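A short worksheet on the structure shown next.
Just so it is clear: chains get the letters A, B, ... in the order the sequence lines come, proteins before strands, and each one is counted from 1. Bear in mind the structure is a predicted one, so any value in this text is a computation, not a measurement.
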Amino acid sequence: MTDETPSEPTGHDDPLIAARIAKHREALRSGNYPYRFDRSDLAGDLHDRFDDIDPGTETGIDVTVAGRLMNVRDMGRLAFGVLQDVSGRIQLFVSKAVLGDEEFSRFLELDSGDWIGATGEVMVTKKGELSVRIASFVLLSKALRPLPDKWHGLKDVEARSRRRYVDLMVNEESRKTALTRAKVISELRRQFEDRGFIEVETPVLLTQATGATARPFETHHNALDLDLSLRIATELFLKRLVVGGIERVFEIGRIFRNEGVDATHNPEFTMLEAYQALADYGDIMELIEEIFAAVAETAVGTSVLTYQGRMLDLTPPFRRVRLVDLVAEVVDRDISLDTPIDELRALATRYGVEADPSWGAGRVIFEIYEVAAESTIWKPTFVTDYPKEVSPLSRLHRDDPRLTERFELVIAGSEYANAFSELNDPFDQRERFEAQAAARAAGDDEAHPIDEDYIRALEYGLPPTGGLGIGVDRFVMLLTDRKHIREVILFPTMRPEAAPPPVVRSP
RNA sequence: GGGCCUGUAGCUCCAACUGGCAGAGCAGCGGACUUUUAAUCCGAAGCGUGUGGGUUCGAGUCCCACCGGGCCCA
């Protein structure tokens, strides 16, 4: 699409666009494009105020509306327009008798997609449609490109993701999802703030990406000649702040993980992490129960959802089950950490898990959980007491040092939150980091590196603390009944497309 | 990274039989119409099929490579 053909300043090889460009240039020439516009009412507010009045009613009330013209139905000496603003749609009743010949034909010159402002009386048509009978209107901005099919809209998922602006203007579901996401984030923030949590921002650019098991994006700082990684978690910085005395702290932040893209993974995504001094993982379970239910109530009006066609009740309390017990239940065998390791390995093999010789009982059971048990969970469930070897930042379980006080919240087969009683013993933390470093040296490039400064922070004393991380995108998916993460991220990561053909070429 | 599927007009479409002149609806253009709701009716247009090769008398249809996308698996 990079041909060299020169064209007229107003020309375009697509006649649909050429005609719009000509009108745009005419509007520019006449100097009629406003820089601002005073709107008196949103479409949605007009519906709220007048929807119950009778067909044929004239209200005598003049209003000024503004938005995108989505459709025009021309009846000869009468026309109907559909104006869409951020709140919804309102019909424009356009009469030649009211506007006069010249203005009426100027209205018909408008194209669907144009932004206009219009003033007139609120009335209800004979058929009962709330309308503004316009007495004047102004073109605010010209749409040079045509809208998608007015009935079928824009369906192609690739086009919808790449041209989200078009998706949003024509697909109400997409607008609703974007608005619900905003409500979820705002309500999450309010819930934590109301409990005395302080919101902070910690660095994205780090010399070492830590706090999670993941591969980071790498970049370079030119002035400092320094290789940097984008953060894969906010965990260790937030706990440093608890050491510093910010006893309840949280961050809603973009996290970057250099991994593939699929239905539940985008390389950049939003995570909420929160830490509460003097709390343990039991307190955090209660906190999460309350917050999930409250956010659902606020964002979608109920904590009893329909997800992928099935009822899903987020009303507390959630089920609590130890990971080992859950695996025993699913495999229908009486297993525990004391089961002979050979037996566990054989069991793993049966579930398609190839157990590495270095794995202990905890790791083997954990791997079986991941492939066989997690996906069987539907109702919100706290899966608790993860093995020590897969939980390098969690405090040892008070009753069994082979386990940690860690849980994940699993709903509809996926993980929504990860939380623990935070490991606050610097000696233990160093040992865990060293175990990770050994795994790293053995080729596991997702294992945690040692963060010496973090250990130093622990040496100043981290109080007993409970912490949590919530995958915000997935939570939004749950609440909006979306099965792909790209539907809840406005601009998901994609390979670049070929440059779109320019609508106007240089002469 | 592997497998399968997919890309036709601005948008939508299981239009195009085993290769044989590339279609429709919507949008747009011209016309009719004073209560439409995807308005309706009449008329005239618009795509050479993601890109590049190849096979063939002839390719949207077959083959190869590449680009974008989807689903599943690692």
Side-chain angles (χ1 to χ4, degrees), chain A residues 1-3 12-23 43 47 51 54-58 68-84 88-101 104-105 107-114 121 123-134 142-163 165-167 169-172 215 258-265 352-354 367 370-371 375 446 483-487 492-503:
Chain A
M1 295 308 207
T2 53
D3 69 353
H12 190 275
D13 48 12
D14 184 340
L16 275 66
I17 292 178
R20 289 165 179 252
I21 291 174
K23 294 173 191 172
H47 283 291
D51 262 357
D54 294 330
T57 304
E58 323 242 319
R68 191 184 290 279
L69 189 61
M70 299 304 289
N71 186 18
V72 175
R73 296 182 287 275
D74 172 14
M75 314 290 301
R77 283 188 280 178
L78 185 65
F80 297 93
V82 176
L83 192 75
Q84 174 173 292
R89 294 180 166 196
I90 184 78
Q91 175 166 276
L92 303 179
F93 184 99
V94 189
S95 160
K96 198 173 197 169
V98 174
L99 273 183
D101 288 6
F104 186 73
S105 53
F107 185 88
L108 294 180
E109 285 289 296
L110 294 171
D111 292 293
S112 59
D114 289 353
E121 181 185 350
M123 48 88 73
V124 180
T125 63
K126 286 180 196 165
K127 295 285 177 68
E129 183 76 24
L130 183 68
S131 307
V132 175
R133 181 165 52 210
I134 69 172
K142 190 74 195 161
L144 299 183
R145 294 181 186 268
L147 293 177
D149 189 290
K150 67 184 171 195
W151 183 244
H152 301 284
L154 187 67
K155 289 186 169 173
D156 181 75
V157 295
E158 181 182 358
R160 287 183 45 239
S161 301
R162 290 195 194 279
R163 283 181 275 161
Y165 38 90
V166 180
D167 181 39
M169 67 183 87
V170 299
N171 292 324
E172 186 174 0
R215 200 168 291 121
N258 204 339
E259 294 164 352
V261 175
D262 65 26
T264 53
H265 295 85
V353 174
E354 216 179 294
E367 298 287 342
E370 290 232 296
V371 300
S375 61
E446 292 196 342
K483 63 171 186 286
H484 205 295
I485 196 169
R486 66 165 168 252
E487 298 294 345
T493 304
M494 297 182 87
R495 285 200 170 88
E497 64 174 337
V503 75

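- A:S131 places a side-chain N or O within donor-acceptor distance of the main-chain N or O of A:E129, the cut-off being under 3.5 Å.
- Spacing of P atoms, B:rU8 relative to B:rG50, comes out at 6 Å, to the nearest Å.
- Interface remark: the A:D156 side chain does not form any donor-acceptor pair with the B:rG7 base, using a distance-only criterion of under 3.5 Å.
- Separating the CG atom of A:L92 from the C1' atom of B:rU34 is a distance of 17 Å, rounded to the nearest angstrom.
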Checklist line | Which nucleotides of RNA chain B pair, in dot-bracket form (Watson-Crick or G-U under 3.5 Å, | meaning another strand) | finding: (((((((..((((......[..))))..((((.......))))......(((((..]....)))))))))))).

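- A:G153 comes within contact range of the sugar-phosphate backbone alone, with a heavy-atom separation under 4.0 Å but no base atom that close.
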Next item on the list: Go through the steps to decide whether A:E487 and A:R160 satisfy the test side chain to side chain contact (heavy atoms under 4.5 Å, CB included), and finish with yes or no.
Entry: CA-CA 9 Å; A:E487 298 294 345; A:R160 287 183 45 239; 2.7 Å; yes

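- Side chain to side chain, A:R133 and A:Q91 fail the donor-acceptor criterion of an N or O pair below 3.5 Å.
- Whole-Å rounding puts the A:R162 CZ to B:rG7 P distance at 17 Å.
- Side chain of A:D114 to main chain of A:A143: a donor-acceptor pair is present (N/O by atom type, distance under 3.5 Å, no hydrogens or angles).
- Nearest heavy-atom pair, A:V124 versus A:P55, reported as atom, atom and distance to 0.1 Å: CG1-CA, 3.6 Å.
- Close to B:rC71, at under 4.0 Å from its OP1 or OP2, lies a side-chain N or O of A:H484.
- Taking for each of A:V157 and A:D262 the nucleotide of RNA chain B with the nearest heavy atom, the 5'-most of the two is the partner of A:V157.
- Rounded to a whole Å, the CE atom of A:M494 is 10 Å from the C1' atom of B:rG70.
- For the OP1/OP2 pair of B:rG69 and a distance below 4.0 Å, the side-chain nitrogens and oxygens of A:R486 include no atom meeting the criterion.
- Dashed line: the shortest gap from a side-chain N or O of A:R495 to OP1 or OP2 of B:rG69 is under 4.0 Å.
- Distance A:H152 NE2 to B:rC14 C1': 15 Å, rounded to the nearest Å.
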Checklist line | Steps toward side chain to side chain contact (heavy atoms under 4.5 Å, CB included) verdict (A:S112, A:L147) | finding: CA-CA 7 Å; A:S112 59; A:L147 293 177; 4.0 Å; yes

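- B:rG25 and B:rA15 have their C1' atoms separated by 11 Å, with the value rounded to a whole Å.
- To the nearest whole angstrom, the two C1' atoms, one in B:rA44 and one in B:rA27, are 16 Å apart.
- For the C1' atoms, the distance from B:rG23 to B:rC47 is 10 Å, rounded to whole Å.
- Across B:rG31 and B:rG68, the matching P atoms stand 46 Å from one another, rounded to whole Å.
- Rounded to whole Å, the distance from CG on A:L108 to C1' on B:rA32 is 13 Å.
- Counting to the nearest Å, the P atom of B:rG28 and the CD1 atom of A:I21 are 17 Å from each other.
- Within the 4.0 Å cut-off from OP1 or OP2 of B:rA39, at least one side-chain nitrogen or oxygen of A:N71 is found.
- Here, B:rA9 and B:rC4 have their C1' atoms 29 Å apart, quoted to the whole Å.
- Note: CG (A:D114) to P (B:rG28) measures 11 Å, nearest angstrom.
- Place A:D74 and A:V124 on RNA chain B by their nearest nucleotides, and A:V124 ends up nearer the 5' end.
- Whole-Å rounding puts the A:R215 CZ to B:rA74 C1' distance at 13 Å.
- Counting all heavy atoms, side chain and backbone alike, A:L144 lies closest to A:I17 at O-CG1, 3.5 Å.
- In terms of modelled atom types and a separation under 3.5 Å, the side chain of A:H47 and the main chain of A:R89 share a donor-acceptor contact.
- Here B:rU35 is the nucleotide among B:rU35, B:rC11, B:rU37 with the atom lying nearest to any side-chain atom of A:M75.
- Between the side chains of A:Q84 and A:R68, no donor-acceptor pair of N or O atoms lies under 3.5 Å.
- If you check B:rC29, B:rC11, B:rU35 against the side chain of A:K126, the one that comes closest is B:rU35.
- Look at A:K150 and you'll find a side-chain N or O under 4.0 angstrom from OP1 or OP2 of B:rA27.
- Nucleotides B:rC29 and B:rG46, compared at atom C1', are 10 Å apart to the nearest Å.
- Residue A:R77 is classed as a base contact, given a heavy-atom separation below 4.0 Å to a base.
- Remark: the separation of the C1' atoms in B:rA16 and B:rG60 is 9 Å, to the nearest Å.
- Here A:R163 reaches the OP1 or OP2 of B:rC11: one of its side-chain N or O atoms lies under 4.0 Å away.
- Closest to the A:R73 side chain, of the nucleotides B:rA39, B:rG25, B:rU35, is B:rA39.
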